[in-house]
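To keep things clear, I will list the structure first and then write my remarks on it.
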Amino acid sequence: MGLRSCSDEVALVAGELVSNAVCHALPASGEPAGRSTAWLGLARQDSTLVCAVNDPSPEVPVLRDADESWERGRGLRIINALSSSWGWSLPTSAGKTVWARIPVGRGPSSGPGAVRPGSA
């Protein structure tokens, strides 16, 4: 099957990963830039599409319980719900890569997708 079957999931997951990088890993405007770049990559592997965002922060993502009163903080829950697995590379002084695997040719996975770093 083609990638159209998962295009909505890919768009949501990519948007959440990029949003997390912008909000949590890149300096706010007016702060010294340093290495203030992030990149997004997509790669098809077997029956999944891997969406990955590299950012300069060594801080790892944390899946938290959602509080309905919060306006933000649900991005990783969305990623977890739409991906078959997700995780991050071990952080270095250059930052980390957060990734998610989206199934191609079928709907979102039925179970939680979080995995430990380095198990991709």
Side-chain angles (χ1 to χ4, degrees):
M1 291 193 147
L3 296 177
R4 276 186 206 199
S5 63
C6 65
S7 61
D8 290 339
E9 289 86 356
V10 171
L12 282 167
V13 168
E16 291 299 335
L17 289 173
V18 169
S19 177
N20 285 346
V22 169
C23 291
H24 302 291
L26 298 178
S29 63
E31 291 183 22
R35 182 182 170 261
S36 62
T37 60
W39 59 259
L40 166 69
L42 298 171
R44 186 165 184 174
Q45 292 181 341
D46 300 322
S47 61
T48 62
L49 186 69
V50 178
C51 178
V53 172
N54 178 268
D55 67 55
S57 173
E59 298 296 318
V60 299
V62 177
L63 181 63
R64 294 187 173 98
D65 289 332
D67 183 328
E68 291 185 24
S69 66
W70 294 354
E71 290 183 29
R72 299 173 49 182
R74 294 180 180 87
L76 286 177
R77 292 213 153 291
I78 293 169
I79 292 166
N80 192 55
L82 296 177
S83 64
S84 60
S85 62
W86 68 275
W88 59 92
S89 65
L90 294 175
T92 67
S93 60
K96 67 179 173 310
T97 300
V98 182
W99 55 266
R101 291 182 185 276
I102 299 107
V104 174
R106 59 176 207 228
S109 71
S110 58
V115 298
R116 296 193 186 281
S119 63

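In this structure a side-chain-to-backbone donor-acceptor pair under 3.5 Å is missing from Ser84 to Pro103.
The minimum heavy-atom distance linking Trp99 with Ser85 is given by the pair CZ3-OG, 3.6 Å. When all heavy atoms of Ala25 and Pro56 are compared, the pair lying nearest together is O-CG, 3.6 Å. Across all non-hydrogen atoms, the minimal contact from Glu16 to Gly75 is OE1-CA, 3.1 Å.
Looking at heavy atoms from C-beta onward, Lys96 lies in side-chain contact with Pro61 at the 4.5 angstrom threshold. A 4.5 Å side-chain heavy-atom check between Asn80 and Leu63 finds at least one atom pair inside the cut-off. Contact of the Leu42 side chain with the Val10 side chain is registered, since non-hydrogen atoms from C-beta on lie closer than 4.5 Å. When side chains are defined from C-beta on, Leu76 counts as touching Asn20, because their heavy atoms get closer than 4.5 Å.
For the atom pair CG (Leu82) and SG (Cys51), the distance works out to 11.5 Å, reported to the nearest 0.5 Å. Annotation: the span from Leu40 atom CG to Asn54 atom CG amounts to 10.5 Å, rounded to 0.5 Å. Note: Leu49 CG to Ser7 OG = 10.5 Å, rounded to the nearest 0.5 Å. Here the straight-line distance linking atom CD1 of Ile102 with atom CG of Asp8 works out to 12.0 Å at 0.5 Å rounding. Atom-to-atom distance recorded for Asp46:CG and Thr48:OG1 is 6.5 Å, nearest 0.5 angstrom.
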